[in-house]
Amino acid sequence: MIEKDVWENCYERKWKHLIVNEAFCHPAKFSYNLIDRIYSHAMENGWIKKGDTVLDPFGGVVLGALGAISNGINWIGVELEKKFVGLGEKNIAKWKIEVKRDLGIAKIIQGDS
């Protein structure tokens, strides 16, 4: 029997109100639901678990972090452009204030991955 993994509705939820307005300038924004689905899938398969740390070599404005830290996974992102590092730091600060649950740790560093 072949099991089919269903990935539907990955592009419905938007980032509005979840990130700082300036971060919308980034040209390559992940889908919120797709990121969430990737982390759920990885956790269901035992590839990552709460307390683990993931490295995102394309840190951008840290959109990949919210799905991780919401599941108690620590996230480290690397981003080349200083402007996006600053916007990512603003998003992390926003989530620390507005997300009302225990979060993993998110850090963005400037560098070339």
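Residues take their numbers from the sequence shown, with the count starting at 1.
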Problem - Under 3.5 Å donor-acceptor, Lys29 side chain and Phe24 backbone - result: yes
Practice task
Please determine which of Ile92, Ile69, Asn71 meets the side-chain contact (heavy atoms from CB on, under 4.5 Å) test together with Leu103.
Solution key: Ile69
Problem - Leu18 with Phe30, same ILVMFWY side-chain cluster at under 4.5 Å - result: yes
Exercise for the section: Identify the heavy atoms of Leu87 and Ala23 that sit nearest to each other, and give their distance. Expected result: CD1-CA, 4.1 Å
Practice task
Indicate yes or no for a side-chain donor-acceptor contact from Glu79 to the backbone of Gly60 under 3.5 Å, with no hydrogens or angles considered.
Solution key: yes
Exercise for the section: Using side-chain hydrogen bond (donor to acceptor under 3.5 Å, both in side chains) as the criterion, list what pairs up with Lys83, not counting sequence neighbours. Expected result: none
Problem - Under 3.5 Å: donor-acceptor pair, side chain of Trp15, backbone of Val20 - result: no
Completion exercise
Contacts of Asn74 meeting side-chain contact (heavy atoms from CB on, under 4.5 Å) (sequence neighbours excluded), chain-then-number -> Thr53, Ile105
Exercise for the section: Check for a donor-acceptor pair, side chain of Asn45 on one end and backbone N or O of His41 on the other, with a separation under 3.5 Å. Expected result: yes
Completion exercise
Closest non-hydrogen atoms of Phe84 and Cys25, given as atom of the first, atom of the second and distance, are CE2-SG, 3.9 Å
Fill in the blank from the handout: Rounded to the nearest 0.5 angstrom, the CG-OG distance for Asp36 and Ser31 is 9.5 Å
Exercise for the section: Verify, without hydrogens or angle tests, whether Asn91 (side chain) and Val61 (backbone) share a donor-acceptor contact under 3.5 angstrom. Expected result: yes
Problem - Ile108 reachable from Leu55 in the ILVMFWY side-chain graph, under 4.5 Å edges - result: no
Problem - ILVMFWY network linking Ile48 to Ile35, side-chain heavy atoms under 4.5 angstrom - result: yes
Problem - Joint hydrophobic cluster, Met43 plus Ile76, side-chain heavy atoms closer than 4.5 Å - result: no
Exercise for the section: Could you tell me which non-hydrogen atom of Gly67 sits nearest to which non-hydrogen atom of Tyr39, and how far apart they are? Expected result: C-CD1, 3.6 Å
Problem - Heavy-atom donor-acceptor pair, Asp52 side chain to Lys49 backbone, under 3.5 Å - result: yes
Fill in the blank from the handout: Output for pair (His26 NE2, Ile19 CD1), nearest 0.5 Å, gives 10.0 Å
Handout entry: Interatomic distance, Gln110 atom CD to Leu80 atom CG [nearest 0.5 angstrom]
Key = 7.0 Å
Exercise for the section: Answer yes or no: are there more than 12 heavy-atom neighbours, outside Lys90 itself, under 6.0 Å from its atom NZ? Expected result: no
Exercise for the section: State which residues pass salt bridge (charged side-chain N to carboxylate O under 4.0 Å, His left out) with Lys50; sequence neighbours excluded, sorted by chain then number. Expected result: none
Handout entry: side chain to side chain contact (heavy atoms under 4.5 Å, CB included) assessment of Lys107 paired with Trp75
Key = CA-CA 6 Å; Lys107 293 182 182 180; Trp75 182 93; 6.0 Å; no
Exercise for the section: Please confirm whether the backbone N or O of Phe58 pairs with a side-chain atom of Asp56, one donor and one acceptor, at under 3.5 Å? Expected result: yes
